[in-house]
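Written below as structure tokens is the structure these notes are about.
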Amino acid sequence: MDMYDNLGVVGQGSYGTVMKCRHKETGHIVAIKRFIDKEEDKSMKKIVMREIKLLRQCRHENLINMLEVFKYKKRMYVVFEFIDHNVLDDLERHPSGLESRRLRKYIFQILRAIDYLHTSNANIKPENVLVSSCGIVKVCDFGFARTLAPANVPLTDYVATRWYRAPELLVRDKNYNKPVDVWAVGCLIIEMATGNAYLTGSSDLDQVHKIVCKVGPLTCHQQDLYFKNPMFAVARLPETELPKDYRKKFHQLPMFLADIVDACLQIDPADRATCSKLLNHRYFTKDQFHERFVPEIQALVLRDAKYYSTQWCQGGTVETTEDPSVCSSSNAKRPPCCLPQDAEKDRRGKEDVTEPKHSRASRRHARMMVDSPVIHTAASSPDIMPEKNVVNVTFTMPRISHCMNFSGAMQAHVEANKARANVVKRRPSPSDMALASGQQADGKMQFQSDGLMVEMASMTKKKVRTVGDVRFPDLPVFGHQMELKNTDVKPAKHSRREQRRCDDSRIPTLVQFDTDPGNK
Ligand SMILES: Nc1ncnc2c1ncn2[C@@H]1O[C@H](COP(=O)(O)OP(=O)(O)OP(=O)(O)O)[C@@H](O)[C@H]1O
């Protein structure tokens with residue numbers, strides 16, 4: 001942690017605090033999540049470790065990129081690319097809703113992210129939908145921690161936004177699944193289109209009532225659960241007549257969008273559309289937007305990746321942590337390809353980019369009203385880098401996926417891990433390379449991205465040789481942050497953020513979710 005300057009708190013989650021930080025040597029701006037100190041709590045520790053493990057496996061253009069993990073003074077820290085602002089910030093600037101072209105781009109990218117991620121409970125809400133300065137949407141909370149949490153973890157550990165919560169979650173149906181995210185997307189679409197959150201319950205009971213009044217009656221099964229729940233049992237459910245025609249029901253939205261929202265906001269989860277179906281809705285296909293926009297996203301992501309390719313590289317000295325599945329790379333031991341001079345040169349080249357008028361991060365800071373923790377600037381604490389724990393392994397991440405869903409990526413990553421476990425001293429076979437990057441015996445790193453072969457020359461030579469016409473190491477993606485000239489986080493006024501969080505509402509644990517048989 002002493003390799004970073006802390007610029008302020010940008011967000012606070014149930015499991016930790018997100019800080020905007022600057023790497024002292026490279027000048028790179030990152031978001032660092034400092035997990036809450038629950039060292040002594042074994043179950044919490046396990047949740048955090050498994051969340052990190054899953055985060056490493058999620059690579060997609062519309063998901064936030066995790067860059068590295070380290071331990072400092074017995075706490076886990078996860079470094080992410082820093083993204084300029086989020087949808088809530090956009091809505092502060094556009095209080096009556098986003099302009100239609102931007103709206104369509106955002107919705108499309110959110111659906112892509114959820115479609116890829118598809119576990120359940122990605123925790124979709126405006127704060128967690130980050131937007132880079134060039135308009136790339138990055139979902140930043142995949143909801144793993146909640147999904148993995150055992151049922152006996154105290155309620156106070158769960159701070160969640162109720163307004164985007166599907167009816168099956170509110171009535172504590174343990175069989176909830178992927179459609180909960182689709183519900184959240186439906187709520188978010190209305191909010192992005194109109195500027196107003198749609199279902200703003202002040203308690204779980206109020207939330208259920210708002211759903212019944214504005215969307216429709218609960219299913220029989222949900223009603224059973226509702227009346228069995230002592231929290232709700234005293235309250236009758238409202239009876240309301242709602243228009244059957246979705247255009248009347250969501251009259252504030254244009255027709256295609258109303259249809260999409262109607263497909264998302266179905267009370268019965270079985271009736272809700274899937275993300276992949278929604279991605280092929282007329283709203284996106286009518287003018288071939290879906291075909292045009294995907295290459296556009298990829299080009300922008302590529303542009304950023306190109307800038308960052310010489311920075312958070314995947315080779316070098318890595319510390320082991322207590323969990324052998326989590327590699328934490330040490331900045332102090334960075335290989336020469338990450339030398340600060342290169343980054344500084346690149347950064348200076350971009351310094352004439354106009355700085356955004358308002359620092360969006362500063363609003364987060366103000367909302368949190370939490371003093372920034374002091375970051376140690378002294379030499380590394382001995383417990384961070386015990387020499388005996390430093391081993392030479394390659395820290396690689398799976399490639400950013402354009403098409404695979406999460407389970408596909410998981411499979412690929414399992415395969416890639418197996419390959420790495422065999423200490424890759426051979427030239428990777430084409431199938432190895434298709435799965436993930438690998439290290440060759442001659443010290444060269446190889447990457448492949450959608451047929452574009454990339455060869456990164458020996459780390460010690462700081463040289464990248466191009467094979468074909470594009471070079472694209474497919475891991476770190478966040479050059480756009482360099483467009484932020486002034487990186488300090490300043491307090492600013494805000495209103496939307498207030499009262500969006502509640503601590504009396506939790507999501508039932510999805511016990512069957514476990515991607516690692518070794519953890520059962
Ligand atoms: N990489 C990032 N760049 C910029 N801001 C970020 C980044 N990651 C997170 N944030 C901001 O920090 C906030 C807190 O993030 P975090 O994932 O810890 O918690 P949360 O999702 O808001 O809460 P919870 O986990 O309780 O649901 C986010 O809402 C987001 O606005």
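This is a predicted model, so every value here is computed, not measured. Note that ligands are numbered from 1 as they come in the structure, with each ligand's atoms numbered from 1 the same way.
- Every atom of ligand 1 with a heavy atom of Ile64 under 4.0 Å away is listed here by number and element: 1 (N).
- Taking the charged nitrogens against the carboxylate oxygens, Arg93 and Asp89 have no contact shorter than 4.0 Å, which rules out a salt bridge.
- In terms of modelled atom types and a separation under 3.5 Å, the side chain of Arg102 and the main chain of Ser100 share no donor-acceptor contact.
- On a distance-only criterion, Phe80 and ligand 1 share no N/O pair closer than 3.5 Å.
- Remark: ligand 1 atoms within the under-4.0 Å shell around heavy atoms of Glu127 are 28 (C), 29 (O), 30 (C), 31 (O).
- Here is the list of ligand 1 atoms found below 4.0 Å of a heavy atom in Asn86: 31 (O).
- Taking the side chain to side chain contact (heavy atoms under 4.5 Å, CB included) definition, one finds that Leu279 meets it with Phe108, Leu111, Arg112, Asp115, sequence neighbours left out.
- Residue contacts with ligand 1 for Phe82 involve both N, CA, C or O and side-chain atoms from C-beta outward (heavy atoms, distance under 4.0 Å).
- The ligand atoms of ligand 1 that sit less than 4.0 angstrom from a heavy atom of Lys33 are 16 (P), 17 (O), 18 (O).
- Under 4.0 angstrom from ligand 1, the non-hydrogen atoms of Leu130 all belong to its side chain.
- Residue contacts with ligand 1 for Lys20 are absent, since no atom lies close enough (heavy atoms, distance under 4.0 Å).
- Residue Gln12 has at least one heavy-atom neighbour below 4.0 Å for each of these atoms of ligand 1: 14 (C).
- The aromatic rings of Tyr4 and Phe70 lie parallel to each other, their planes meeting at an angle below 30°, with 60° marking the opposite boundary.
- Considering only residues two or more places apart in sequence or on other chains, Gln109 meets the side chain to side chain contact (heavy atoms under 4.5 Å, CB included) condition with Asn62, Lys105, Ile136, Val137, Phe293, Ile297.
- Residue contacts with ligand 1, taken as heavy atom pairs separated by less than 4.0 Å, do not involve Lys138 at all.
- With hydrogens and angles disregarded, a donor-acceptor distance shorter than 3.5 Å links the side chain of Trp183 to the backbone of Arg165.
- One N or O on the side chain of Arg272 and one on the backbone of Ile267 form a donor-acceptor pair closer than 3.5 Å.
- In this structure a side-chain-to-backbone donor-acceptor pair under 3.5 Å is present from Lys24 to Asp2.
- Listed by number with element, the atoms of ligand 1 under 4.0 angstrom from any heavy atom of Gly11 are 12 (O), 13 (C), 14 (C).
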